Amino acid sequence: MIFDLPAYDDHRLVAIHRDPHRNLVAIIAIHRSFRGRALGGCRAQAYPSEREALIDVLRLSRGMSYKSAMAGVPCGGAKSVVLMDGTANRRQLFEAMGEVIESYQGRYVTAVDAGLEDADLLAMKSRTPWVLGTDDTAGHNTATGVLIGIRSAVKRKLGKGRLAGVSVAIQGVGRVGSELAKLLAAENARLIVCDVDPARAARCAAQVGAAVIGNDEILDAAADVFAPCALGGVINDDAVARLTTPIVCGAANNQLELPIHGDRLRDKGIFYAPDYVVNSGGLIGGVCELLKHDEAWMKDRLGNIAATLDEIADYASSHRISESAAADRIAEARLVKNEQEG
């Protein structure tokens, strides 16, 4: 039963949508709403089972609520997943998904997420206005936020005010990871990259002058920063045992397999920049588009990422808890305040 799943957190809505004529199976989860809206991307991937998809969307939507609260934007958190099986006509499939999103009439607003292609986004937009951004803008905004997080973490943990010469191991160089690599290279950081697609890793490395390493070796890389930019759950027992980087700061959602892994990073003296804080650039850009704010508003919110990380680090230090636990406490307090405001 859904209420028995550990990932369930008193979600306000969880709905399964099916369109057998266009092979659509999708789940939408709204964790919290704020001022009548909740925002979160649409993820498209094959799942071992519908149960696994449900757990993923529950975790991701909760993360979006925390991300919104920490970014200080006026929306709640939600997420959708489309279960891909390789048999559907993608255009028809995502037109159907657009119609589903339209049925929420702005209560749920979506954007690009893992597995979604530009054509998929356009297909959804053909059916509803409640789809934000493009592949490129979302990737750039997210990478910019992670870059700000890395700068802040490096200054705090390593005492360095510049990234020149700082080594960063990037796991996954897709839309966001490759953009992060470009931004880091522009600041003369030393880069190590890997990807499940070796050709993609090689292309990125050639563009930014990075070293390429195997996926199974990235956790052992000698670097200052480990930047997970692929899928979640990468910080598990094995990763904690192997990591030697003093900083973990990347774009992937739900990087910690379990909350205890944040505590174990702290026990090893590794500074963890909570993912939903540093990867909030895509959300900030989406809200900027939704509410028609200007570029200055977005830059101001992106700049707040560094101050938020300092707040988290100070709270963690004073309460002798991990950065991940500190972030959760602060986010939960903000969510309560948001709900009280309506």
Side-chain angles (χ1 to χ4, degrees), residues 114 142-143 146-147 149-160 162-185 187-279 309 313 316 322-324:
T142 302
V146 176
L147 175 70
I150 290 175
R151 285 186 194 141
S152 177
V154 164
K155 183 177 181 180
R156 189 173 194 100
K157 184 70 176 179
L158 304 182
K160 296 182 178 180
R162 301 172 58 200
L163 295 182
V166 172
S167 55
V168 183
I170 303 176
Q171 181 189 49
V173 286
R175 182 180 66 252
V176 177
S178 61
E179 184 67 19
L180 176 63
K182 293 174 188 175
L183 295 175
L184 288 166
E187 301 204 9
N188 297 313
R190 293 189 297 111
L191 302 177
I192 304 165
V193 301
C194 77
D195 196 273
V196 291
D197 180 349
R200 185 161 59 190
R203 284 195 301 271
C204 178
Q207 289 176 339
V208 301
V212 179
I213 197 170
N215 279 334
D216 57 345
E217 300 171 309
I218 193 75
L219 292 172
D220 304 307
D224 297 310
V225 181
F226 172 54
C229 294
L231 296 178
V234 66
I235 307 298
N236 52 27
D237 287 343
D238 178 59
V240 172
R242 292 166 59 187
L243 280 172
T244 59
T245 57
I247 296 166
V248 174
C249 180
N253 287 313
N254 295 329
Q255 291 169 24
L256 303 179
E257 184 179 58
L258 297 169
I260 189 67
H261 293 119
D263 300 332
R264 291 175 181 167
L265 287 176
R266 178 181 182 272
D267 291 343
K268 283 192 70 171
I270 296 173
F271 180 86
Y272 173 63
D275 47 49
Y276 58 78
V277 174
V278 299
N279 70 9
L309 274 184
S322 66
E323 290 84 16
S324 57

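The shown structure was predicted, so the numbers you read here are calculated from the model rather than taken from an experiment. All residue numbers refer to positions in the sequence shown, counting from 1.
- For the salt bridge (Lys or Arg N to Asp or Glu O under 4.0 Å) test, residues two or more places apart in sequence or in another chain that qualify with D195 are R200.
- Remark: K155 pairs with no residue by the side chain to side chain contact (heavy atoms under 4.5 Å, CB included) rule, at least two apart or across chains.
- Residues S324 and S322 approach most closely at OG-OG, 3.0 Å, considering heavy atoms.
- Minimum heavy-atom separation, C249 to G149: SG-C, 3.8 Å.
- When all heavy atoms are compared, the tightest approach of V225 to T245 is C-CG2, 4.0 Å.
- Applying the salt bridge (Lys or Arg N to Asp or Glu O under 4.0 Å) criterion to R156, with sequence neighbours excluded, gives D310, D314.
- Residues Y272 and R266 fail the side-chain proximity criterion, which asks for heavy atoms closer than 4.5 Å.
- With values rounded to the nearest 0.5 angstrom, K157 atom NZ is found 15.5 Å from I150 atom CD1.
- Taking the salt bridge (Lys or Arg N to Asp or Glu O under 4.0 Å) definition, one finds that R242 meets it with D220, D238, sequence neighbours left out.
- Applying the side chain to side chain contact (heavy atoms under 4.5 Å, CB included) test to A181 and every residue at least two apart in sequence or in another chain returns I170, L191, C204, V208.
- Not counting sequence neighbours, the partners of S167 by the side chain to side chain donor-acceptor pair (under 3.5 Å) test are D224.
- Legend: residues meeting salt bridge (Lys or Arg N to Asp or Glu O under 4.0 Å) with E217, ordered by chain and number and at least two apart, are absent.
- Scored by the side chain to side chain donor-acceptor pair (under 3.5 Å) test, E179 finds H140 as partners (sequence neighbours excluded).
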Name every donor-acceptor pair, under 3.5 Å, that has one atom in a side chain of residues 250-258 and the other anywhere in the protein, sequence neighbours excluded.
from: N253; atom 1: OD1; to: K67; atom 2: NZ; distance (Å): 3.4
from: N253; atom 1: OD1; to: N279; atom 2: ND2; distance (Å): 2.9
from: Q255; atom 1: NE2; to: G250; atom 2: O; distance (Å): 3.1
from: Q255; atom 1: NE2; to: A252; atom 2: O; distance (Å): 2.9

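- Residues A221 and T244 approach most closely at O-OG1, 3.9 Å, considering heavy atoms.
- Atoms CZ and CG, from R151 and L183 in turn, are 8.5 Å apart once rounded to the nearest 0.5 Å.
- Considering only residues two or more places apart in sequence or on other chains, I270 meets the side chain to side chain contact (heavy atoms under 4.5 Å, CB included) condition with L243, V248, L265, K268.
- Closest of all the heavy-atom pairs between A223 and P246 is O-CD, 3.7 Å.
- Shown here are the ring-ring contact (aromatic ring centres under 6.0 Å, His included) partners of F226, two or more places apart in sequence or in another chain: there are none.
- Side-chain contact check for D237 versus H261: some heavy-atom pair is nearer than 4.5 Å.
- Note that CD of Q171 and CG of L231 are 9.0 Å apart. Values are rounded to the nearest 0.5 Å.
- L163 CG to L158 CG: the interatomic distance, rounded to the nearest 0.5 Å, is 10.0 Å.
- N236 and A239 get closest at one heavy-atom pair: OD1-N, 2.9 Å.
- Atom CG of N215 is separated from atom SG of C194 by 4.0 Å, given to the nearest 0.5 angstrom.
- In this view, A222 satisfies the side chain to side chain contact (heavy atoms under 4.5 Å, CB included) rule with no residue, not counting sequence neighbours.
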